[in-house]
Amino acid sequence: MTEKLEAVLKEDRVFEPSAAFKEAARLNDPAQYEAMYRQSLDDPEAFWGKVASELHWFKPWERVLEWQAPNARWFVGAQTNITYNALDRNLASRRTKAAIVFEGEPGDNQVLTYHDLHREVCKFANVLKGLGVKKGDRVTIYLPMIPEVAIAMLACARIGAIHSVVFGGFSASALADRIKDAQASVLVTADGGWRRGSVVPLKNNADEALAEAPSIKSVVVVRRTGEDISMQPGRDHWYHELMQNASDQCPAEPMDSEDPLFILYTSGSTGKPKGVLHTIGGYQTYTYLTAKYIFDLQEQDTYFCTADVGWITGHSYVVYGILLNGATTVMYEGAPNWPDPGRIWQLIDKHGVSILYTAPTAIRAFMKAGEQWPLKYRLSSLRLLGTVGEPINPEAWMWYYNVIGKGRCPIVDTWWQTETGGIMITTLPGVHAMKPGHAGKPFFGIAPEIVDSSGQPISNPDEGGHLIIRRPWPAMLRTVWGDPQRYVNQYWSQYPGNYFTGDGARRDAEGYYLIMGRVDDVLNVSGHRLGTMEVESALVSHPAVAESAVVGKPDPIKGEAIVAFVTLKAGHTNLEALKNELKAHVVKVIGAIARPDEIRFTDALPKTRSGKIMRRLLRQIAAGETDIKGDTSTLEDRSVVEKLKAGE
Ligand code: PRX
């Protein structure tokens, strides 16, 4: 992290949005931002009440906010349905406008208008009802990035079922854990999905998962790749068969504002992923407003976010926030560099994309592939760029700005988390100057603070500390599914009454935030969160492993690479083969995103006298530092570090 940080800190250039962009932008006046921001903090109820009234509510709220830390209730007493706002509300003026523009990896194409999407969602909502799904039931969705993933999410929301989308790259065992935790009764999956020219065997993985997850009573299978798969009579149904006879009439169920909308699992500092719970009224209001102003969504825009719907970015800014604004969202199924590194640029050219939202890891990979790829395509439709998921190094920022945006397009570097539901810190594209590497200013209603470990605010500019949020915001997570105590411990106990983000940050004299990265045992690999404990538990579940400690190491493309220090049980000889076996084992237990880049066998791990693994030392060793800095006085056996450094 230190190296990454230093690279980030070297940059001090400032870029203003172009006059042309400013002129056409929804918000373009810094004084107006300041006034709105002030009002959002001085009178949050008035501010959010006004925003929410741009949406449809079956029944109005009695109070905008009820807050007793750590429990927030937004739009108390109101009834609404997010799909009414995302679909029905758009039918009057946008019936024939493209809602989803889909591009499959093999190049197949589909456009769903708001009319089409509304109809498909109603039909699938009826299919779910036919399978016995009721308000509050959990439905797990394990699909590739195809329109059916959005249809399934929206169909759940239509009838008040809680969706839990599991990223298609997760393994059978990760899927089983998530189904069991949510106690889902229905699984929606596909025969397979395309990824780099091969088929991801989703249904086979699902079958393996279901052997361990008996709560699932019905499985709906979308035919995507035409794989030969097994269908269990009575349990498994083809999507297209069920849809054939389904009625397209399904009024949106009036839901309580605080009813759950979805669970999304994310990594924390313990081995078990957390089911982050979001509720309807606040989430819809916040994703609607953030998408509107941060992406400056306007009627003629074609918006493309490259994230998978299996992550929060896909939930909030492929599906909900974008459709709530009646905009067109591009969905792409496959890898961004398949069949060649020009694929994303070709898609932008083909569909006339005007707003692109992607991750620094992707930008660094595009950069490495060379600018000849984007130069082959017309990128003149682009007017705004965004990044998310990890700190962006200024070099990658500059490349994105010059080579992709041609110096014309502002970049929004958006900081947020699964738990925050929507973007929290960013510049507004027509309002603020941009500083590469800095996310920027807080969004409306967001009260960040940088504190030291005792909770004292740090007011010196550019001094690092922990990033906390002082007040509730509408899309804040409400709890950890099935574990309310973990919600309190994880987010609210370190700085009582304040939300602790788990990130380190600093703020400059102009109030721009720079995010330094996680301060807990969470890795950020290619913009994806992974708990070191998760990878460690996967490793020790292999019979050869006695103990393991996993740390991140700076990586030029992925941000962080995974390095695992492993001690073996006695009697293992073919160590090179075993390394590969262990890597494959982690892929099997968690999924390809968790594959260790490096495995180092060692006789012992550096521990404190109380037996705690000293990861700080391991991080330095993994990064190849020879001069181990910091306090080592608590180390139990000093020779361990010397041996590790020598690679023994
Ligand atoms: O460390 C921060 C980093 O990603 C973490 C959240 O990960 P996740 O819940 O998977 O959500 C990712 C997409 C919203 C944060 O705690 N992070 C996210 N965005 C940025 C970032 N770090 C620096 N700059 C960002 N723009």
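Counting starts at 1 for both ligands and their atoms, following the listed order. Side-chain atoms are counted along with the backbone in the values below, which use heavy atoms only and exclude waters and symmetry mates. By convention here, the first residue in the shown sequence is residue 1.
- For a threshold of 3.5 Å applied to N or O pairs, the pair formed by Thr501 and ligand 1 contains no separation below that value.
- Considering Asp503, Ile425, Ile423 only, the shortest heavy-atom separation from atom 2 (C) of ligand 1 involves Asp503.
- In this structure, Phe262 and His278 have tilted ring planes: the angle between them lies in the 30° to 60° band.
- In this structure, Gly502 does not count as a contact residue of ligand 1, since none of its heavy atoms falls inside 4.0 Å of the ligand.
- For ligand 1, the atoms closer than 4.0 angstrom to any heavy atom of Val388 are 13 (C), 14 (C).
- Remark: the His466 side chain and the Tyr495 side chain contain an N/O donor-acceptor pair separated by less than 3.5 Å.
- For the 3.5 Å distance criterion, the side chains of Thr414 and Tyr357 qualify, holding a donor opposite an acceptor.
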Result block: side-chain N/O donor-acceptor pairs under 3.5 angstrom for residues 550-558, not counting sequence neighbours:
unit_1	atom_1	unit_2	atom_2	d
Lys553	NZ	Glu598	OE1	3.0
Asp555	OD1	Ile557	N	2.9
Asp555	OD1	Lys558	N	2.6
Lys558	NZ	Asp597	OD1	3.3
Lys558	NZ	Asp597	OD2	2.7

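- Glu258 places a side-chain N or O within donor-acceptor distance of the main-chain N or O of Trp74, the cut-off being under 3.5 Å.
- Electrostatic pairing of Lys272 and Asp177 does not count as a salt bridge here, judged by no charged N lying under 4.0 Å from a carboxylate O.
- Close placement of the Tyr317 and Phe295 rings is indicated, their centers lying within 6.0 Å of each other.
- Annotation for ligand 1: atoms under 4.0 Å from non-hydrogen atoms of Trp416 are 6 (C), 14 (C), 15 (C), 18 (C), 19 (N).
- For atom 9 (O) of ligand 1, the choice among Thr418, Val522, Leu523 with the nearest heavy atom turns out to be Thr418.
- The distance criterion of under 3.5 Å between nitrogen or oxygen atoms is met by Asp413 with respect to ligand 1.
- Scanning all protein heavy atoms for the shortest distance to atom 13 (C) of ligand 1 gives Thr313 OG1, 3.4 Å.
- Nearest protein neighbour of atom 8 (P) of ligand 1, counting heavy atoms only, is Arg529 CD, 3.3 Å.
- For the residue pair Tyr332 / Arg343, a side-chain donor-acceptor distance below 3.5 Å is found, with atom types taken as modelled.
- For ligand 1, the atoms closer than 4.0 angstrom to any heavy atom of Ile515 are 22 (N), 23 (C).
- Looking at Asp520, Thr414, Asn524 and measuring to atom 26 (N) of ligand 1, the nearest heavy atom belongs to Thr414.
- Here Glu390 has backbone heavy atoms under 4.0 Å from ligand 1, and that is the only part of it that gets that close.
- Taking a 4.0 Å cut-off on heavy atoms, Gly389 registers as neighbouring ligand 1.
- Residues passing the side-chain contact (heavy atoms from CB on, under 4.5 Å) test with Arg595 are Lys583, Val587, sequence neighbours excluded.
- The parts of Pro391 lying near ligand 1 are both backbone and side chain, judged by heavy-atom distances below 4.0 Å.
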